Amino acid sequence: MADKVTAPKIRGMKANGSKVVCLTAYDAYFGRLADESGVDLILVGDSMANVVLGYSNTVPLTLEEMAHHVRAVRKGVSRALLVADLPFGYYNASVDQAVNSAVELMKAGAESVKLEGDYTEAIEAMVKAGIPVMGHVGMTPQSVNNFGGFKVQGKGEAGDDVLRKAKAIEDAGAFSIVLEVIPSTLSKRITEALQIPTIGIGAGPDCDGQIQVFHDALGLSRETFRHAKRFVEGENLLLQGIKDYACEVRNESFPAAENGF
Ligand code: KIV
């Protein structure tokens, strides 16, 4: 495919000033919708733990669950770069563990992996093994227990540490980096300091691109978040469709003659 998006192309978008549009997806159907809409990068995010599997955070997600969903999304995505999240506990123990987990997700169909935090030796080893890596700093949800909740990170002097981590991740060979729920002034500093594109979520307008969780952006979640915008009220549309179906079955207007054989 001529305009297939690759990790080097995403990296190059910073130099030519094109905003990188990123969205999560967790199955073939939503992956296909995102791909056909021209999204540049589709992340099989570990946010699936919350929005698909019903957990209260991303900590319980397993590598097997992630690989299962990567295989599904792969079937719907052909143009966008397909990135898979390394779940908590599958890269934190050692460089070997990180590389082995990343290889498993690549074999499932990912074209890159994302991991949270400055695991720079693991990033170097994965890049050496041929795996493009996306970094992730700021409010990294897998560390919710350290943070004591989903709180804004990098306020005041703590911003220097987030910038230091982002720089180390770039130096280790990452092709882009997610900045999550940090002050807009800090993400501007980081974006100016790095050569690789910064992808923001709750990180203000100065990032080189943006990412949203599919269910948040499409109005499919009950909660509303300051870092997200509901571009359509998807849940209302779906509820109305299901109610209409139930109503027509009960009043016997569905199935009609044209639905029969
Ligand atoms: O899992 C996820 O959806 C993410 C994005 C919010 C960046 O990591």
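Note that the coordinates shown come from a computational prediction; the quantities given were computed from them, not determined experimentally. Atoms within each ligand, like the ligands themselves, are counted from 1 in listed order.
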Checklist entry - Considering residues at least two apart in sequence or located in another chain, which fulfil the side-chain hydrogen bond (donor to acceptor under 3.5 Å, both in side chains) criterion with Asp27? => result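 Not a single residue meets the side-chain hydrogen bond (donor to acceptor under 3.5 Å, both in side chains) criterion with Asp27.
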Checklist entry - Do Val133 and Phe175 have side-chain heavy atoms sitting under 4.5 Å apart? => result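 The answer is no, as the side chains (C-beta and beyond) never meet within the 4.5 Å cut-off.
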Next on the checklist: Using a strict threshold of under 4.0 Å (side-chain N to carboxylate O), is an ion pair present between Lys107 and Glu104?
Outcome noted: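 Answer for the salt bridge query: no.
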Next on the checklist: Filter on side-chain hydrogen bond (donor to acceptor under 3.5 Å, both in side chains), then keep only pairs touching residues 53-64, sequence neighbours left out; what's left?
Outcome noted: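 Matches after skipping sequence neighbours: Thr62-Glu65.
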Item to check | Contact residues of ligand 1, where a non-hydrogen atom lies under 4.0 Å away | outcome: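 Lining ligand 1: Thr24, Leu43, Gly45, Asp46, Ser47, Asp85, Lys114, His136, Val178, Ile201, Ile211, Val213.
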Checklist entry - Can a donor-acceptor pair be found between the side chains of Thr24 and Ser47 at a distance below 3.5 Å? => result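 Result is no, nothing qualifies.
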Next on the checklist: Please enumerate all residues that pass ring pair (Phe, Tyr, Trp, His ring centres under 6.0 Å) together with Tyr29, with sequence neighbours excluded.
Outcome noted: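 Expected list: none.
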